[in-house]
Amino acid sequence: MVDLQTQYQRIKAEVDQGIGDVLNSCQFINGTAVKEFTKNLKTYLGAKHVIPCGNGTDALQIALMALDLQPGDEVITTPFTFVATAEVIALLKLKPVFVDVHADTFNMDETKLEAVITARTKCIIPVHLFGQCCNMEKIMQIAAAHQLYVVEDNAQAIGADYHYSDGRVCKSGTMGHIGTTSFFPSKNLGCYGDGGAIFTQDDVLGKKIQVIANHGSSVRYYHDEIGVNSRLDSVQAAVLDVKLKHLDDYGRARKKGADFYNTHLDLPGIQTPVIAPFSTHVFHQYTLIIENDRDQVKDHLTEKGIPTGVYYPVPLHLQKAYRGDGYKMGDFPVSEDLARKVLSLPMHTELNEEIQHYIIDEIKNAILASVKS
Ligand SMILES: *Cc1c(COP(=O)(O)O)cnc(C)c1O
């Protein structure tokens, strides 16, 4: 699905130098590399505060902890996302409330938001799924009208641009009260281990997040609140600092691959990715909707040595761990339908036309075979 080997070979000299510098400094935690990367990411995003942390799940958890929510408060997200988004809500004894997604972009359907807001709703977590932004302008308007916080789960869309109707352009993850991301190796900005970060434009939240991520402490051995231990280590920061310089080029390479797939996969029964007018798409995933026999197409590709992914096969409201909240089959028909039809193709920075032709030809063969059977 990704080719991190070839990508590493291309930046090996820079990365090895960066890691070597960390080893020589022996500042493995909170070293210069962490400070340097944090500063550069702040500039790249146009974010006032960037707080690095251990991974993308921690980032979401710390973001919610900073909002002083009470047990039983409701947090709205979609059932068509990676489990981490709902997991942190439940872990903090808050109540995950789901809202369905748009059938074309897979992102939160903001037109269904107001129907699920109650007196206990405190926060909305839009997930910028597969690499493009949710309708943030609308979501922020609804949040303001109901005095709700918005935490953007930006684990899959770092680098995407959001275009407001007045012409302003913002980086994904910087529009809500807080944004979070993951540096898991296969993410668009991935390190060589675990990592994550939290962004905010708000000084009070920025300070609070910093304190929570560091054992609730701003002065060593004095703890003003209950926090966690979540850190980005210096080796990972050194890798990320190199890859951040290439992030926009990586985005262009992914976009080129996506355009190539689009031109050749304009076939009956297949829907290629739809991009909303207000966002660019950084193609964390290139995801098709296969109307009939998705699993047969997947099996055919597996047989031909082509990896594919189904993100996500079971919507969260139907997962054993989350069914207790009274949800049942039929509650989120769009997510349920997508779970049966989505198929993600290999998408990374090292695609070329030869690889893509092979994949495209085999998809055509699979569709022909499924029509025949
Ligand atoms: C990857 C991911 C996370 C979690 O990130 P980790 O670094 O693996 O903890 C959270 N939300 C979404 C949408 C993700 O894709």
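Atoms within a ligand are numbered from 1 in the order they appear, just like the ligands themselves. The first residue in the sequence is number 1, and the count goes up from there.
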With heavy atoms of A84 as the reference, note each atom of ligand 1 found under 4.0 Å away. 10 (C)
Give a yes or no answer on whether the side chain of T302 reaches the backbone of K298 with a donor-acceptor pair at less than 3.5 Å. yes
Which protein non-hydrogen atom lies closest to atom 1 (C) of ligand 1, naming both residue and atom, and how far is it? K187 NZ, 1.4 Å
Do Y327 and Y322 have their ring centres less than 6.0 Å from each other? no
Just to be sure I'm reading this right: ignoring hydrogens, which of D153, N55, T57 gets closest to atom 4 (C) of ligand 1? Compare them by their nearest heavy atoms. T57
Is S182 close to ligand 1, meaning an N/O of one under 3.5 Å from an N/O of the other? yes
Has the side chain of N214 got a donor or acceptor atom that lies under 3.5 Å from a matching backbone atom of S217? yes
Assess the residue pair H128 and H284 against the criterion (ring-ring contact (aromatic ring centres under 6.0 Å, His included)); give the C-alpha distance rounded to whole Å, side-chain angles, the decisive distance to 0.1 Å, and a yes or no. CA-CA 10 Å; H128 303 317; H284 173 59; over 10 Å; no
Show the nearest heavy-atom pair for residues I359 and P346, with the distance to one decimal. CD1-CG, 3.8 Å
Got an N/O contact under 3.5 Å between A155 and ligand 1? no
Does H284 come within less than 4.0 angstrom of ligand 1, counting non-hydrogen atoms of the residue? no
Counting C-beta onward and ignoring hydrogens, is there a side-chain heavy-atom pair between E291 and I289 closer than 4.5 Å? yes
Please classify the V127 to ligand 1 contact at 4.0 Å (heavy-atom distances, strictly less than): side chain, backbone, both or neither. side chain
Answer yes or no: does an N/O atom from Q156 fall short of 3.5 Å to an N/O atom of ligand 1? yes
